[in-house]
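Everything on this sheet refers to the single structure shown next.
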Amino acid sequence: MKLICIGRNYAEHIDELQNERPREPIIFIKPDSSILPKGQDFYIPEFSKNVHYEVEVLVKIKKVGKHISKKFAPTYYDEIGLGIDFTARDLQADLKSKGLPWEKAKGFDGAAVIGKWISKDMYENLDKLKFSLLKNGENVQNGDTSLMLWKIDELISYVSTYFMLKKGDILFTGTPAGVGKVSPNDYLSGTLEGEKMFAINIK
């Protein structure tokens, strides 16, 4: 089981971090050990002083696939979720400045929050899903999958060109603008189409 993450999939987020707009999806992997256990608080790691939240729509893969065409991509998933890609932004910036991989900044223990799963049939259009992240009750991120540079089925097709998808793999589809720092005693909660999908405490 692997967590496949897409970077820079929302234009406004690209702009807020002053990154270059990619010509194709940016892929990185989080290990399964990065999943925050259900009901557990998130502890800010000692090696970072600037951990950011990044709320994202998630897709759970239900069967093995390789070189999947876009038109068949919908047959490879039944469930949609919401989660957080925690990022040690200071560590990531240092690694990027040296031309090094991001894994330490993205794949550390607890860096992936995975909320509950909902059947995709509950949604009228997966390309028009609204989602948000609240920090201490204040809305800090608002997203809409219609604003993705690459939609879910395009991502599945693209990713499967490089990595065989397996049952249980989870696709993180990218974060909208509004990312920011977490601090001890913060409380984060995420909603998808108005439904609460997760809530965690920061320690």
Side-chain angles (χ1 to χ4, degrees), residues 3-30 52-61 68-74 76-87 89 92 96 102 106 111-135 137-162 165 169-182 188-199:
L3 309 182
I4 306 151
C5 306
I6 305 300
R8 305 182 194 176
N9 200 23
Y10 288 84
E12 289 186 359
H13 176 58
I14 295 171
D15 293 340
E16 76 175 342
L17 294 185
Q18 299 181 331
N19 286 322
E20 181 180 349
R21 182 165 175 161
R23 295 182 179 179
E24 56 189 28
I26 294 175
I27 304 173
F28 60 94
I29 304 291
K30 285 178 181 270
H52 281 201
Y53 54 77
E54 298 186 17
V55 71
E56 308 196 13
V57 171
L58 312 182
V59 179
K60 184 190 288 186
I61 301 301
I68 301 166
S69 69
K70 178 184 172 182
K71 67 178 180 180
F72 292 125
Y76 284 82
Y77 62 97
D78 288 332
E79 295 176 292
I80 300 294
L82 196 71
I84 297 177
D85 164 26
F86 278 120
T87 304
R89 193 71 71 198
Q92 183 189 38
K96 287 171 66 176
W102 302 350
K106 288 281 193 178
V113 173
I114 297 173
K116 66 181 181 181
W117 295 100
I118 296 179
S119 170
K120 69 178 183 180
D121 295 334
M122 297 296 292
Y123 303 114
E124 183 176 342
N125 187 346
L126 298 182
D127 291 336
K128 291 184 179 180
L129 295 177
K130 290 180 170 55
F131 58 103
S132 63
L133 182 74
L134 282 75
K135 176 184 174 183
E138 178 186 355
N139 200 320
V140 290
Q141 274 191 285
N142 289 300
D144 189 321
T145 55
S146 67
L147 300 177
M148 285 180 171
L149 300 182
W150 293 277
K151 304 299 191 290
I152 291 173
D153 294 342
E154 293 175 295
L155 291 174
I156 288 174
S157 177
Y158 182 82
V159 168
S160 71
T161 301
Y162 299 91
L165 297 178
D169 286 350
I170 297 173
L171 178 66
F172 281 64
T173 60
T175 194
V179 302
K181 182 180 179 180
V182 294
L188 304 180
S189 60
T191 64
L192 178 63
E193 287 294 302
E195 182 168 353
K196 191 172 183 177
M197 303 294 284
F198 65 79

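Numbers here simply count residues along the sequence, with the first being 1.
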Ring pair (Phe, Tyr, Trp, His ring centres under 6.0 Å) with [X]: which residues, sequence neighbours excluded?
X	result
F28	W102
F86	F42
W150	none

What are the two closest non-hydrogen atoms of [X] and [Y], and how far apart are they?
X	Y	value
N142	S132	OD1-CB, 3.4 Å
R89	E54	NH2-OE2, 2.7 Å
A112	F172	CB-CZ, 4.1 Å
G143	P176	CA-CG, 3.8 Å

If the condition is side-chain contact (heavy atoms from CB on, under 4.5 Å), which residues does [X] pass it with, not counting sequence neighbours?
X	result
I61	I156, L165, D169
S119	D121, M122
K60	E79, W117

### Query
Run the side chain to side chain contact (heavy atoms under 4.5 Å, CB included) check on Y77 and L126 step by step: do they pass?
CA-CA 12 Å; Y77 62 97; L126 298 182; 3.6 Å; yes
Between [atom1] on residue [X] and [atom2] on residue [Y], distance to nearest 0.5 Å:
X	Y	atom1	atom2	answer
E124	E193	CD	CD	9.5 Å
T191	L82	OG1	CG	7.0 Å
L58	L171	CG	CG	8.0 Å
L133	M197	CG	CE	13.0 Å
I27	C5	CD1	SG	10.5 Å
N9	L149	CG	CG	5.0 Å

Could you tell me if the side chain of [Y] sits less than 4.5 Å from the side chain of [X], heavy atoms only?
X	Y	value
L155	P25	yes
K106	D85	yes
Y10	T145	yes
Y53	Q141	yes
I118	I80	no

[X]: which residues meet the side chain to side chain donor-acceptor pair (under 3.5 Å) condition with it, sequence neighbours left out?
X	value
S146	D144
K70	none
E24	Y158
E195	K116

#### Entry: From CA spacing to verdict: side chain to side chain contact (heavy atoms under 4.5 Å, CB included), V59, I170
CA-CA 6 Å; V59 179; I170 297 173; over 6 Å; no
### Query
Distance-only, no hydrogens or angles: does the E56 side chain make a donor-acceptor pair with backbone N or O of G174 under 3.5 Å?
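Judged by distance alone, yes, a pair lies under 3.5 Å.
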### Query
Are the side chain of T175 and the backbone N or O of V55 linked by a donor-acceptor pair below 3.5 Å?
yes
#### Entry: By salt bridge (charged side-chain N to carboxylate O under 4.0 Å, His left out) - contacts of D153 (at least two apart)
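If we apply the salt bridge (charged side-chain N to carboxylate O under 4.0 Å, His left out) test to D153, skipping adjacent residues, there are no hits.
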